[in-house]
Amino acid sequence: MRLSRYFLPILRETPKEAEIVSHRLALRAGLIRQESAGIYAWLPFGLRVLNRICAVIREEQNRSGAIELLMPTIQSADLWRESGRYDAYGKEMLRITDRHEREMLFGPTNEEMITEIFRGYVRSYKSLPLNLYHLQWKFRDEIRPRFGTMRSREFLMKDAYSFDIDQAAARHAYNRMFVAYLRTFERMGLKSIPMRADTGPIGGDLSHEFIILASTGESAVFCHKDYLDFAVPPADTNFDSVDELAGIVSKWTSLYAATEEMHDAAAFAQVPQAAQVSARGIEVGHIFYFGTKYSEPMRAVVAGPDGVERPVHMGSYGIGPTRLVPAIIEASHDEAGIIWPDAIAPFNAAILNLKPGDSATDTVCGTLEQALEARGLSALVDDTDERPGAKFATADLIGLPWQIIVGPKGLAEGKVELKRRATGERALMSPEDAVERIAS
RNA sequence: CGGGGUAUAGCGCAGUCUGGUAGCGCGGUAGUUUUGGGUACUACAGGUCGUAGGUUCGAAUCCUGCUACCCCGACCA
C-alpha cells in the first residue's frame, strides 16, 4: 500500500480530550475518530488492527472447539422479559421503539438470544457439548464512557456461550475458554492474569476476569508475581482432555489473584511480601459459569440418557477487541509512538522511500513491497514528499514492527537499512536480506 | 446522577475581565529552497466565535436558557 494513496490522518498535536497514552496515540496515529461520547469510527489503519485482533480471537476460539455464528444487534424486549432482565438491566440498556411501537433494544449482550436459538433446535444431550460464539457490536449506555475505546458505549465483543448437560461438563467448557483466553492474549503480546471476579449482572457463581497489568488500568488488582512468568499452554494442547485442561486451570488459579471487588486482604497477606503485586489492571476478558440461570426461566431443556428433560448448564465468555486495541498500546509503546506486536500489526513493515522520484529508490521500494507480498506479508510504502525526518517520525508513531529505509546513500552501496521498531536496532543489508529477515 | 471544567479555522491556543466588526502556531494549497531524524522563505485559502434569545448605536466579549464534549466519583468486555 502506498501512503500517498492511503487514508492515514496523522495528527502532529494531541487532541486535548485524550488523557491516557493509548487514547492519545490512537488519535494521533489515525486509528479512530470520536463521533459522539463513547462512540467511535474506526479509520482504515485502526480497522486493520481490529481485524487482526479478531482473527487471532477466531483462531483460538475455533481451536478450542467453539463455533462461530452471527446474531443481530437489535433484539426484542420480549426476549429479555423471559429472563427477567428487561427490567433488571437498568439504564445501561439502550431501549428503542420501532414504527409499530414494538419495544426493541440494542443488545448489550446475547445470553437471551443464544438461549432462544439453542432451545429452538437442540433436544438431546447427544448434541452436547456445544459452544457458539460471535463477534458483534454491543451497546451499553455507560454512565461515563472514557479513555477512547477503552470504555466506549458502542464496542465490539466476542461473546461465546456454552451449553452442557451438567455442571461437570460445563466446568470443562469453562476450562476450554480459560485456556483459549490465555493463548489469545499471549499471542497479542500481552501477559494476562486470570483473577477471581465478581459476576455482576450477568449472574452465576464462577467467574474469572483476564487482567492486563497497566498503570492506567481502571481497577485495582492484587496478585502473586509468579503469574507473570507462567508458561502459556501450547497450540497442541488437547482441548478434549478434561484432565489436561483441569490441570492447566488448576495451576493458573493456584496463586492469589483478585480484583478489588473480590480482594481478601487477609489471604493476600499470606503471599510472601516480595511476591505481592499490587497494581492496576485492564480487564480484557471475562468468563462466567452461571448454570441454569437462563435455561430454566427460558426453558432450554434437553433430554438426558435417562430420557428425562433438564435445563442445560451454561456459561458465557467475553473478550473486547475494541478495548484490546488501547490495551495493547498501553502495554507496547514508547515516547515516539506505538510498537505493534507482530501478530496484530496493521502492516508487517514500513518502507520509507527517502527520495521519491529517484528512479533507484522508487524501484527498490516497489521491489521490496512485491517481495514481501510474495511472502504473504504486507507493507506500507511512504512515498510522500515529506522530508526524511518527518518520515522517520511518522513511522515511529504508527509503530509497524519493521522499517526498511531506502535512500540514495545506502543504495549507492546496494544496501537498505532495516530497523526493528521495538528495539531500535538497525542494520545495513541488501534488500533481499531485509525481506528474508522480516519473513523469518 | 453528584462535583468540577471547556466550547473561537482541520488540530493546539490567544482575544472575553475593561463591548468597537477576529488573531497566533501547527496543518492545508501554490511556488522557491532543502533532502538520512519533524528545513527555510514567500504568497494564498480557510472562522454563522457551540446554539437560541436578551441588553446595546454596536456583542466572541455583558445577561438568561439550551446543547455538546472533557475531567473526578458510583457501573462494565
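Both backbone and side-chain heavy atoms feed into the values below; hydrogens, waters and symmetry mates do not.
- In a base pair of the Watson-Crick type (N1 to N3 plus N6-O4 or O6-N4) or a G-U wobble (N1-O2 and O6-N3), with each distance short of 3.5 Å, B/U39 is matched with no nucleotide.
- Across B/C26 and B/C1, the matching P atoms stand 43 Å from one another, rounded to whole Å.
- Test A/L380, A/L372, A/D382 against A/I351 for side chain to side chain contact (heavy atoms under 4.5 Å, CB included) and you get one pass: A/L372.
- Here the side chain of A/I143 is nearest to one of B/C11, B/C1, B/C69, namely B/C1.
- Pair assignment for B/G2 gives B/C72, based on Watson-Crick or G-U wobble hydrogen-bonding distances that are each under 3.5 Å.
- Listed nucleotides B/C72, B/G37, B/G12 differ in distance to A/R426; the shortest reach to its side chain belongs to B/G37.
- Taking atom P in both B/C11 and B/C69, the straight-line distance is 15 Å, to the nearest Å.
- Using a 4.0 Å heavy-atom cutoff across all strands shown, A/A37 reaches sugar-phosphate atoms only and no base atom.
- Within the structure, every side-chain polar atom (N or O) of A/R151 is placed at least 4.0 Å from both OP1 and OP2 of B/C76.
- Side-chain proximity of A/R387 to B/U39, B/G25, B/G38: nearest is B/U39.
- B/C71 sits 40 Å from B/C44 when the C1' atoms are compared, rounded to a whole Å.
- Here A/F155 packs flat against the base of B/A77; its ring centre is closer than 5.5 angstrom to the base's six-membered ring, tilted by less than 30 degrees.
- A cation-pi geometry, defined here as NZ or CZ lying under 6.0 Å from the six-membered ring centre and within 45° of its normal, does not hold between A/R323 and A/F147.
- B/G50 and B/U56: their C1' atoms are spaced 23 Å apart (whole Å).
- Rounded to the nearest Å, the gap between the P atom of B/G54 and that of B/U18 is 24 Å.
- Residue contacts shown for A/R33 are absent, as no nucleic acid heavy atom lies under 4.0 Å away.
- As judged by a 4.0 angstrom heavy-atom cut-off over every strand, A/T394 is placed among the base-contacting residues.
- With salt bridges taken as basic N to acidic carboxylate O contacts below 4.0 Å, one links A/E112 and A/R85.
- Rounded to an integer number of Å, the gap from A/I20 CD1 to B/C70 P is 13 Å.
- Ion pairing between a basic and an acidic side chain is recognised when a charged N comes within 4.0 Å of a carboxylate O; A/R187 and A/E60 show such pairing.
- The separation of B/G28 from B/G10, taken at their C1' atoms, amounts to 8 Å, rounded to a whole angstrom.
- When heavy atoms are screened at a 4.0 angstrom cut-off, A/G410 is found touching base atoms of the nucleic acid.
- Rounded to whole Å, the distance from CD on A/E19 to C1' on B/C69 is 13 Å.
- Base contact: A/S152 has a heavy atom under 4.0 Å from a base atom.
- Contacts of A/G407 with the nucleic acid, taken as non-hydrogen atoms under 4.0 Å apart, include base atoms.
- Put simply, NE2 on A/H23 is 10 Å from C1' on B/C70, counting in whole angstrom units.
- Closest approach to the A/R140 side chain among B/G37, B/G38, B/A77 is made by B/A77 (side chain taken as heavy atoms from C-beta onward).
- Each of B/A77, B/G38, B/C75 was ranked by its minimum atom distance to the side chain of A/F288; first place goes to B/A77.
- Atom-to-atom, CD1 of A/I53 to P of B/A77 comes out at 18 Å; the value is rounded to the nearest Å.
- At whole-Å resolution of the value, CG in A/L190 and C1' in B/A77 are 14 Å apart.
- A salt bridge links A/R151 with A/E142: at least one charged nitrogen is closer than 4.0 Å to a carboxylate oxygen.
- Residue A/E142 has its side chain nearest to B/C75 when only B/G37, B/C69, B/C75 are considered.
- The base-pairing partner of B/C44, taking Watson-Crick or G-U wobble contacts with both distances under 3.5 Å, is B/G28.
- The distance from atom NZ of A/K16 to atom C1' of B/C71 is 12 Å, rounded to the nearest whole Å.
- Toward the 5′ end of RNA chain B lies the nearest nucleotide of A/A390, the other residue of the pair A/L156 and A/A390 mapping further downstream.
- The side chain of A/E283 sits closest to B/A77 out of B/C26, B/A77, B/C70.
- Residue A/P341 comes nearest to A/I328 through the heavy atom pair CD-CG2, 3.7 Å, listed as atom of the first residue, atom of the second, then distance.
- Between A/R146 and B/G73 there is a side-chain polar atom (N or O) within less than 4.0 angstrom of OP1 or OP2.
- In this structure, of B/C71, B/U35, B/G27, it is B/C71 that holds the atom nearest to the side chain of A/R144.
- Note: A/F288 and A/H286 have parallel aromatic rings, judged against thresholds of 30 and 60 degrees for the angle between ring planes.
- Of the candidate nucleotides B/C70, B/C76, B/G27, B/C76 has the atom lying nearest to any side-chain atom of A/R323.
- When heavy atoms are screened at a 4.0 angstrom cut-off, A/D396 is found touching base atoms of the nucleic acid.
- A/L397 places its CG atom 15 Å from the C1' atom of B/G27, with the value rounded to the nearest Å.
- A donor and an acceptor atom never sit less than 3.5 Å apart when one is taken from the side chain of A/E386 and the other from the base of B/G38.
- Atom CG in A/L354 sits about 13 Å away from atom P in B/G38, given to the nearest Å.
- Comparing A/Q34 and A/E209 by the nucleotide of RNA chain B that holds the closest heavy atom to each, the one mapping nearer the 5' end is A/Q34.
- For the P atom pair drawn from B/A43 and B/A59, the interatomic distance equals 33 Å after rounding to whole Å.
- Spacing between B/C62 and B/C24 at atom C1', rounded to whole Å, works out to 26 Å.
- Across all strands shown, B/A22 forms no Watson-Crick or G-U wobble pair with both key distances under 3.5 Å.
- Of the nucleotides present, none pairs with B/U61 by Watson-Crick or G-U wobble criteria with both distances under 3.5 Å.
- Comparing B/C76, B/U35, B/C72 by their closest approach to the side chain of A/F147 singles out B/C72.
- If you look at A/F230 and A/W252, their ring centroids are closer than 6.0 Å.
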Side chain to side chain donor-acceptor pair (under 3.5 Å) evaluation trace for A/Q61 with A/N131
CA-CA 9 Å; A/Q61 290 291 292; A/N131 184 320; 5.6 Å; no
